Amino acid sequence: MVRLSTLAIGLVFVVGVSTNAQGATAKRAPFGTLPDGKPVEAVTLTGADGVSARIMTLGATLQSLVAPDRDGRMADITLGYDTASDYITHPNYWGQTIGRYANRVAGGRFSLDGKAYQLTLNDKTNSLHGGTEGFDKRLWRIVSVKNGAQASVTMALTSPSGDQGYPGNLDVTVTYALDDHGA
């Protein structure tokens with residue numbers, strides 16, 4: 001099922017206010033499998049005010065963000081799918097971590113230090129959002145899951161030199177965090 005609202009990644013959202021001596025929680029759980037059988041996990045961060053965010057390891061994707069509307073009714077406000085398999089069978093870039101490059105590289109070619117590089121093409125004659133197997137299509141590993149004043153999950157991915165045509169090894173981490181104030 002597709003949810004019909006949008007969310008911009010990289011912004012701070014303050015959607016509610018409350019306090020809880022216990023702090024926000026982070027819970028890790030299975031979230032399906034990839035076609036090759038590898039498990040996809042999700043971590044749900046929840047604040048005392050009921051705001052919650054579910055982040056799955058497939059694409060380090062913000063899969064769900066539940067927040068109150070102006071009347072206090074809780075609703076999922078992300079655009080995305082309800083299952084990991086839907087992200088594979090209906091590829092979009094909804095809530096996913098994009099890389100190595102966000103946007104199009106014309107002709108899938110660029111030069112660096114006088115050397116030309118050819119990237120994988122996945123948008124006609126261009127390379128879009130990291131290529132045919134960009135970061136959004138990768139299984140990220142969970143590095144840490146924390147409860148407390150600010151619940152968080154940190155995920156990591158290694159992109160070796162030559163991956164999708166890009167030079168150099170690249171180690172990437174992403175951290176999602178949520179506190180009891182909905183931020």
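All of these numbers come straight from a predicted model, not from anything done at the bench.
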Are [X] and [Y] connected, step by step, through hydrophobic side chains (Ile, Leu, Val, Met, Phe, Trp, Tyr) whose heavy atoms are closer than 4.5 Å?
X      : Y      : result
Tyr166 : Tyr117 : yes
Val174 : Leu45  : yes
Tyr101 : Val172 : no
Leu34  : Trp94  : yes
Tyr87  : Tyr93  : no

In Å, rounded to the nearest 0.5 Å, how long is the span from [atom1] of [X] to [atom2] of [Y]?
X      : Y      : atom1 : atom2 : result
Asp163 : Leu157 : CG    : CG    : 8.0 Å
Lys38  : Thr33  : NZ    : OG1   : 12.0 Å
Lys137 : Leu58  : NZ    : CG    : 9.5 Å
Ser52  : Asp76  : OG    : CG    : 8.0 Å
Gln96  : Met56  : CD    : CE    : 6.0 Å
Asn92  : His90  : CG    : NE2   : 9.0 Å

Checklist entry - Under 30°, 30 to 60°, or over 60°: which ring-plane class applies to Phe135 and Trp140, parallel, tilted or perpendicular? => result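 Taking Trp140 first and then Phe135, their aromatic rings stand perpendicular (interplane angle over 60°).
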Next on the checklist: Does Asp71, at its CG atom, have more than 12 non-hydrogen atoms belonging to other residues, nucleotides or ligands within less than 6.0 Å?
Outcome noted: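 More than 12 within 6.0 Å, yes.
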Next on the checklist: Pairing donors with acceptors under 3.5 angstrom, does anything connect the side chains of Thr25 and Asn147?
Outcome noted: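 No donor-acceptor contact under 3.5 Å links the two side chains.
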Next on the checklist: For a side chain to side chain contact (heavy atoms under 4.5 Å, CB included) check, start with the C-alpha distance between Phe31 and Thr61, then their side-chain angles and the critical distance, and finish with the verdict.
Outcome noted: CA-CA 12 Å; Phe31 197 75; Thr61 301; over 6 Å; no
Checklist entry - Does the pair Thr120 and Gln164 meet the rule for a side-chain hydrogen bond (donor to acceptor under 3.5 Å, both in side chains), with working shown? => result CA-CA 5 Å; Thr120 61; Gln164 303 303 296; 2.8 Å; yes
Can you check whether [Y]'s main-chain N or O pairs, donor with acceptor, with [X]'s side chain at less than 3.5 Å?
X      : Y      : value
Asp136 : Ile98  : no
His129 : Ala102 : no
Arg100 : Ser159 : yes

Item to check | CA sep, side-chain torsions, deciding dist, call: Leu65, Tyr176, side chain to side chain contact (heavy atoms under 4.5 Å, CB included) | outcome: CA-CA 12 Å; Leu65 179 63; Tyr176 289 89; over 6 Å; no
Next on the checklist: If you apply the rule side chain to side chain contact (heavy atoms under 4.5 Å, CB included), what do you find for Val153 with Glu41, and how did you get there?
Outcome noted: CA-CA 12 Å; Val153 58; Glu41 289 187 87; over 6 Å; no
Checklist entry - How far apart are the C-alpha atoms of Leu128 and Asn126, what are their side-chain angles, what is the distance that settles it, and do they pass the side chain to side chain contact (heavy atoms under 4.5 Å, CB included) test? => result CA-CA 6 Å; Leu128 177 64; Asn126 303 307; 5.9 Å; no
Checklist entry - Do you know the tightest heavy-atom contact between Leu112 and Pro167? => result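 Closest heavy-atom pair between Leu112 and Pro167: CD2-CG, 4.1 Å.
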